[in-house]
> 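Let me give you the structure first, and then I'll get to my questions.
Heavy atoms only: backbone and side chains are in, while hydrogens, waters and symmetry mates are out. Remember, predicted model here, so these are calculated numbers, not experimental data.
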Amino acid sequence: MNRLSFIQLSDTHFRNHYINDPLEEVFKGVKDPAENLIEVLQHINFGDIDFITITGDLVHDGSAEDYRGLKSIVEDQIPSDFPVFYCLGNHDDKENYYEGFYHIENKSTSLDYVEAMNGYRLIFLDTSVDHMHGGYVAEAQLDWLEAILKEKSEAGSLLFMHHPLIWNGEKTTEVSDRLFDILKNSDVISIHSGHLHLPGINYIGSIPQFSIESLAFGVHNSKEMVNYTNRVSYNYYSLRDREIFSHPIYVNPQEDVVWALTHEEHERHTIKHYGR
């Protein structure tokens, strides 16, 4: 029997300061995201899991120095050589990520890669485009993914990305329907995403897509308002062959609204920030 256990964190939104940021009021009202991250990493029993992944929005529109700060926090809190796998999100900047994490300048290629563990294949697909809020997957990325999935892995594949592909029956990432055909005929067991700061399970065919909350701040949508809250959590997963178990772990289960916008204000805010 193949077994695998891991922790998924998402939307850590680390930054050395949030002064003059469009979401400054949110960060004033919640616990410092860096403190949440440190607290979570200090309480993880690393002997019980095989890896950690952070699925995007690693930093909040930050510089290479912010990526260095995030990397330093993670490395200071985990055992040496413990696997941590990253995705990039809409608040990430590719050039700053590569410079801050790897001292590579002027690199902006998609962060698409594959890892193997305990017979499982872990696929990390970059759905982020600099200065774009929504998710996007290019045809070249689909070629890459299709080529990988043509060969079955021993225990199956897990797919990680920042943006969910669908939410409540609607496509939420700009991608050709070819992706859904690729997934339908593959050995993918599950898909793991963040971005919305909301928990939910959607199905792509028979494949569950787990979307998790943020480790920085929560978002709660009502009929008239988009509410930013202080609720944060992360997810634990355990697999036995192709059977997957998911359990949310709340860092702060309380949900106090710290800032609110109407849906129209939120849309204008997003367009102003990203340009589209």
Side-chain angles (χ1 to χ4, degrees), residues 6 8-12 51-59 61 67 83-102 104-117 120-153 155-167 169-196 202-212 274-276:
F6 65 95
Q8 180 193 1
L9 314 176
S10 198
D11 297 80
T12 43
F51 70 93
I52 289 174
T53 181
I54 307 180
T55 49
D57 282 358
L58 308 177
V59 309
D61 303 317
Y67 284 99
V84 181
F85 305 126
Y86 298 93
C87 297
L88 296 181
N90 47 288
H91 283 281
D92 288 305
D93 180 283
K94 288 179 171 58
E95 286 195 9
N96 289 338
Y97 165 77
Y98 285 114
E99 182 180 346
F101 266 55
Y102 307 109
I104 301 173
E105 296 185 357
N106 303 316
K107 181 175 180 178
S108 58
T109 55
S110 291
L111 187 65
D112 302 316
Y113 61 103
V114 179
E115 301 287 347
M117 191 166 292
Y120 293 91
R121 179 168 52 198
L122 315 177
I123 304 172
F124 299 85
L125 183 67
D126 192 347
T127 59
S128 72
V129 175
D130 287 349
H131 314 299
M132 178 176 168
H133 181 257
Y136 176 79
V137 181
E139 285 297 316
Q141 290 176 284
L142 294 184
D143 292 340
W144 173 83
L145 181 64
E146 185 174 36
I148 289 169
L149 290 173
K150 275 185 177 178
E151 183 178 340
K152 305 296 184 184
S153 59
S157 298
L158 282 70
L159 181 58
F160 299 87
M161 61 187 71
H162 178 64
H163 298 85
L165 296 174
I166 59 170
W167 183 262
E170 300 290 332
K171 186 191 289 188
T172 51
T173 291
E174 187 178 337
V175 61
S176 163
D177 287 343
R178 176 184 164 207
L179 173 58
F180 302 102
D181 292 332
I182 293 171
L183 293 175
K184 184 174 70 173
N185 299 312
S186 74
D187 68 350
V188 171
I189 297 169
S190 58
I191 301 169
H192 303 267
S193 66
H195 180 59
L196 297 177
N202 292 266
Y203 280 84
I204 298 172
S206 61
I207 303 171
Q209 172 195 264
F210 297 95
S211 300
I212 74 167
Y274 291 98
R276 53 173 166 164

> Answer whether the closest heavy-atom distance between the side chains of Ser110 and Gln141 falls below 4.5 Å.
yes

> For Leu149, run the side-chain contact (heavy atoms from CB on, under 4.5 Å) check against Asn185, Leu159, Ile182 and tell me which one passes.
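By the side-chain contact (heavy atoms from CB on, under 4.5 Å) criterion, Leu149 pairs with just one of Asn185, Leu159, Ile182: Ile182.
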
> Taking the ring of Phe160 and the ring of Phe85, is the distance between their centroids below 6.0 Å?
no

> Work out which heavy atom in Met132 is nearest to a heavy atom in Asn90; give both atom names and the distance.
O-CB, 3.3 Å

> Quick one: does any side-chain atom of Glu146 pair with a main-chain N or O of Leu179 as donor and acceptor, under 3.5 Å?
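No, Glu146 side chain to Leu179 backbone: no donor-acceptor pair under 3.5 Å.
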
> Hey, is NZ on Lys184 packed in by over 12 heavy atoms from elsewhere, all under 6.0 Å?
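No, not enclosed.
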
> Kindly say whether the aromatic ring centers of Tyr86 and Phe101 come within a distance under 6.0 Å.
yes

> Answer yes or no: is there a side-chain heavy-atom contact under 4.5 Å between Ile191 and Leu183?
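Contact flag for Ile191/Leu183 side chains = yes.
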
> Is any side-chain heavy atom of Ile189 closer than 4.5 Å to one of Arg121?
no

> Quick one: salt bridge (charged side-chain N to carboxylate O under 4.0 Å, His left out) partners of Asp181, sequence neighbours excluded?
none

> Under the criterion side-chain contact (heavy atoms from CB on, under 4.5 Å), I'd like the reasoning laid out for Asp143 against Arg178: C-alpha separation, chi angles, the key distance, then a yes or no.
CA-CA 10 Å; Asp143 292 340; Arg178 176 184 164 207; 2.6 Å; yes

> Applying side-chain contact (heavy atoms from CB on, under 4.5 Å), run through Asp11 and His91 and close with a yes or a no.
CA-CA 9 Å; Asp11 297 80; His91 283 281; over 6 Å; no

> Hey, could you give me each pair passing salt bridge (Lys or Arg N to Asp or Glu O under 4.0 Å) that has a residue in residues 83-97? Not counting sequence neighbours.
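Checked against salt bridge (Lys or Arg N to Asp or Glu O under 4.0 Å) - neighbours excluded - the pairs reaching residues 83-97 are Lys94-Asp126.
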
> Any side-chain heavy atom of Asp57 sitting closer than 4.5 Å to one from His162?
yes

> Using side-chain heavy atoms (C-beta onward) and a distance below 4.5 Å, is Leu111 in contact with Tyr98?
yes

> As a quick check of understanding, evaluate side-chain contact (heavy atoms from CB on, under 4.5 Å) for Gln209 and Leu165, giving each step before the final call.
CA-CA 8 Å; Gln209 172 195 264; Leu165 296 174; 3.5 Å; yes

> Parallel, tilted or perpendicular for His163 and His195, by the 30°/60° rule?
tilted

